Undergrad: 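The structure is given below, and queries will be raised subsequently.
Owing to the predicted nature of the structure, the values given are computational and were not obtained by experimental measurement.
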Amino acid sequence: MKKTILILYFALTTLLCFGQKEHLAPAKDFKQYGGVLKEYYDNVFSKLYEGFSQTPYARFTSIPSFSIEYAFSVEAIDNKYYIISNSFSENFWYAISRNNVKLVSEKTEINNDLYIKIGELFQILAGQIKKLENEIIGFDGVTYYFSTTDTSGQIVTGETWSPNDATLLGKLIKVCDKLFYINNQENVIKIDIANEIEVLIEELKNQNAQ
């Protein structure tokens, strides 16, 4: 019986994803939470964003239910461009002692072209944030956050929860995961990532024009 319900749930989820335009939803207001959730959110982001700019140019965050939390921020430092990738040594929520959770950080230099492309992608994402008519609320899975600073200096953050891999948001997650791991990639792979971002930008623009 449970298996049948799960199959129906994922089928309906897939239909919902393909039956409407794909947008990020406004990020939750974490100040509304109390108790253990408040304690978690008050600490997880501040620790995970160590070394990140307070006014993000392009910042991506992954908050899974069970695996480690991770994030990257694209930064301009002394006329050079970097992706700073941060992750925890263990899942912060389930850690027996959160004081013992270590931050693992990598900083990788990127070229100006990739820097601009990532910035354009995140600005487009910010411009398409809207509350979903049929919001899917998940208890497991992964919540992804995308942040940038708009022209008025306001930080804009959108979120999505475990999108289907074949959807536009699913492709976005794959690209962002590649950017997170970019320190391990060869130059030719970095060029491929830049091309994927360019294609994604066009797809997002076309969606917005429909």
Undergrad: Taking everything shown except Glu109 itself, do over 12 heavy atoms lie less than 6.0 Å from its CD?
TA: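 Count over threshold, so yes.
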
Undergrad: Parallel, tilted or perpendicular, judged at 30° and 60°: which one describes the rings of Phe45 and Phe30?
TA: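 Tilted.
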
Undergrad: Would a hydrophobic clustering, with Ile, Leu, Val, Met, Phe, Trp and Tyr connected at side-chain separations under 4.5 Å, put Tyr145 with Phe122?
TA: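 No, Tyr145 and Phe122 fall in different hydrophobic clusters.
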
Undergrad: Evaluate the side-chain proximity of Ile189 to Asp192: yes if any heavy-atom separation is below 4.5 Å, no if none is.
TA: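 Answer yes - side chains close enough.
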
Undergrad: Taking NZ, NE, NH1 and NH2 as the nitrogens, is one of them in Glu203 or Lys171 under 4.0 Å from a carboxylate oxygen of the other?
TA: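 Answer for the salt bridge query: yes.
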
Undergrad: Hey, are the side chains of Leu103 and Leu48 touching, using non-hydrogen atoms and a 4.5 Å cut-off?
TA: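 Answer yes - side chains close enough.
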
Undergrad: What distance do Glu159 atom CD and Leu24 atom CG have between them, rounded to the nearest 0.5 Å?
TA: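 Reported value, rounded in 0.5 Å steps: 8.5 Å.
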
Undergrad: Give a yes or no on whether the backbone of Tyr70 and the side-chain of Ser87 come within a donor-acceptor separation of less than 3.5 Å.
TA: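 Looks like no, no N/O pair under 3.5 Å.
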
Undergrad: Look up atom SG in Cys176 and atom CG in Leu125, then write down how far apart they are to the nearest 0.5 Å.
TA: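 The distance works out to 7.5 Å.
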
Undergrad: Could you grab the distance from atom CZ of Arg98 to atom CH2 of Trp93, nearest 0.5 Å is fine?
TA: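 Separation between the atoms: 6.5 Å.
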
Undergrad: Specify the closest pair of heavy atoms between Thr157 and Ile155, including all atoms of both residues, with the distance to one decimal.
TA: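 Scanning both residues, the minimum pair turns out to be OG1-CG2, 4.0 Å.
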
Undergrad: Checking side-chain contact (heavy atoms from CB on, under 4.5 Å) between Ile197 and each of Val199, Ile193, Asn195, which is the one that passes?
TA: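 Going through the options one by one, the only one that passes is Ile193.
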
Undergrad: Among side-chain atoms of Ser152 and Asp150, is any donor-acceptor pair under 3.5 angstrom?
TA: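 Side chains of Ser152 and Asp150: pair found under 3.5 Å.
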
Undergrad: Are the side chains of Leu172 and Leu168 in touch, meaning some heavy atoms are under 4.5 Å apart?
TA: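 Heavy-atom side-chain distance check fails, nothing below 4.5 Å.
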
Undergrad: To the nearest 0.5 Å, what is the distance between NZ on Lys117 and CD on Glu196?
TA: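 Nearest 0.5 Å value for the NZ-CD distance: 12.5 Å.
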
Undergrad: Would you compute the distance between atom OG of Ser89 and atom CG of Asn100 and round it to the nearest 0.5 angstrom?
TA: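 Taking OG in Ser89 and CG in Asn100, the distance rounds to 8.5 Å.
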
Undergrad: When you measure from the centre of the six-membered ring of Tyr33, is the NZ or CZ of Lys38 closer than 6.0 Å and no more than 45° off the axis?
TA: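 No; the conditions do not both hold, so Lys38 does not lie above the ring face of Tyr33.
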
Undergrad: In this structure, are over 12 heavy atoms from other groups packed under 6.0 Å from Glu202 atom CD?
TA: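 More than 12 within 6.0 Å, yes.
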
Undergrad: Using distance alone, with no hydrogens and no angle criterion, decide if Glu22 and Thr167 have a side-chain donor and acceptor under 3.5 Å apart.
TA: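 Distance-only check passes for Glu22 and Thr167.
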
Undergrad: Please examine the side chains of Phe88 and Val44, heavy atoms only from C-beta on, and report whether any two atoms are closer than 4.5 Å.
TA: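 Side-chain contact under 4.5 Å: yes.
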
Undergrad: Looking at Ser67, is its backbone amide N or carbonyl O close enough to the side chain of Asn91 to form a donor-acceptor pair, meaning the two atoms are under 3.5 Å apart?
TA: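 At least one qualifying donor-acceptor pair exists.
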
Undergrad: Suppose we call two aromatic rings close when their centres sit under 6.0 Å apart. Are Tyr82 and Tyr115 close by that rule?
TA: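 No, the ring centres sit 6.0 Å or more apart.
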
Undergrad: Give a yes or no on whether Phe146 and Ile116 share a hydrophobic cluster (residues Ile, Leu, Val, Met, Phe, Trp, Tyr; joining criterion: side-chain heavy atoms under 4.5 Å apart).
TA: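 Yes; tracing contacts between hydrophobic side chains, which count when under 4.5 Å, links both residues.
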
Undergrad: So, is the end of the Arg59 side chain (NZ or CZ) under 6.0 Å from the ring centre of Phe52 and within 45° of the ring's axis?
TA: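 The answer is no; the distance or angle limit is not met.
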
Undergrad: Report yes if the side chains of Asn112 and Tyr81 come closer than 4.5 Å at any heavy-atom pair, otherwise no.
TA: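 Counting from C-beta outward, Asn112 and Tyr81 do come under 4.5 Å.
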
Undergrad: Donor-acceptor pair, distance only, cut-off 3.5 Å: does the side chain of Asn111 make one with the backbone of Asp113?
TA: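 Yes, the answer is positive, given that a donor and an acceptor are paired below the 3.5 Å cut-off.
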
Undergrad: Do Tyr144 and Phe66 share a hydrophobic cluster, counting only Ile, Leu, Val, Met, Phe, Trp and Tyr and linking them when any side-chain heavy atoms are less than 4.5 Å apart?
TA: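 No; tracing contacts between hydrophobic side chains, which count when under 4.5 Å, never links both residues.
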
Undergrad: Less than 4.0 Å between a side-chain N and a carboxylate O, is that true for Glu120 and Lys205?
TA: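 Answer for the salt bridge query: yes.
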
Undergrad: Indicate the atoms forming the closest heavy-atom contact of His23 with Leu169, along with that distance.
TA: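 Nearest heavy atoms, His23 then Leu169: O-CD1, 3.7 Å.
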
Undergrad: Are Phe72 and Phe180 close enough that their ring centres sit under 6.0 Å apart?
TA: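 No, they do not, as the ring centres are separated by 6.0 Å or more.
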
Undergrad: Among Glu69, Lys47, Glu90, whose side-chain contact (heavy atoms from CB on, under 4.5 Å) with Val101 holds?
TA: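 One option only clears the test, and that one is Glu90.
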
Undergrad: Measure the shortest side-chain to side-chain distance between Phe60 and Leu179 over non-hydrogen atoms and say whether it is less than 4.5 angstrom.
TA: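 They are not in contact (no side-chain heavy atoms under 4.5 Å apart), so the answer is no.
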
Undergrad: Would you say the side-chain atoms of Glu75 and Ser73 include a donor-acceptor pair closer than 3.5 Å?
TA: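 Yes, a side-chain donor-acceptor pair sits under 3.5 Å.
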
Undergrad: Between Tyr181 and Ile63, is there a shared hydrophobic cluster once you connect ILVMFWY residues whose side-chain heavy atoms come closer than 4.5 Å?
TA: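 As far as the 4.5 Å side-chain criterion goes, Ile63 and Tyr181 are not connected within one cluster.
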
Undergrad: Does the side chain of Ile118 reach to within under 4.5 Å of the side chain of Ile110, using non-hydrogen atoms?
TA: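 Yes. Closest side-chain heavy atoms under 4.5 Å.
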
Undergrad: What pair of heavy atoms forms the shortest contact from Ile173 to Thr160, and how long is it?
TA: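 Ile173 and Thr160 have their closest heavy atoms at CD1-CG2, 4.3 Å.
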
Undergrad: So, Gln123 and Thr148: side-chain donor and acceptor under 3.5 Å apart, yes or no?
TA: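 Gln123 vs Thr148: donor-acceptor pair found between side chains.
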
Undergrad: What about Ile182 and Ile68, same hydrophobic cluster or not, with Ile/Leu/Val/Met/Phe/Trp/Tyr joined at side-chain heavy-atom distances under 4.5 Å?
TA: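 In one cluster: no.
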
Undergrad: Closest heavy-atom contact between Thr108 and Lys190?
TA: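 Looking at all heavy atoms of both residues, the closest pair is CG2-NZ, 3.9 Å.
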
Undergrad: Do Ile84 and Ser105 have side chains that approach each other closer than 4.5 Å (heavy atoms only, starting at C-beta)?
TA: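 Yes - at least one pair of side-chain heavy atoms lies under 4.5 Å apart.
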
Undergrad: Shortest non-hydrogen contact from Ser162 to Gly141?
TA: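 Heavy atoms of Ser162 and Gly141 come nearest at OG-CA, 3.4 Å.
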
Undergrad: Atom CD of Gln32 and atom OH of Tyr41: how far apart are they, to the nearest 0.5 Å?
TA: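 Gln32 CD to Tyr41 OH: 9.5 Å, rounded to 0.5 Å.
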
Undergrad: For Tyr57, does its backbone N or O pair with a side-chain atom of Thr149 as donor and acceptor, under 3.5 Å?
TA: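 Answer holds: no.
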
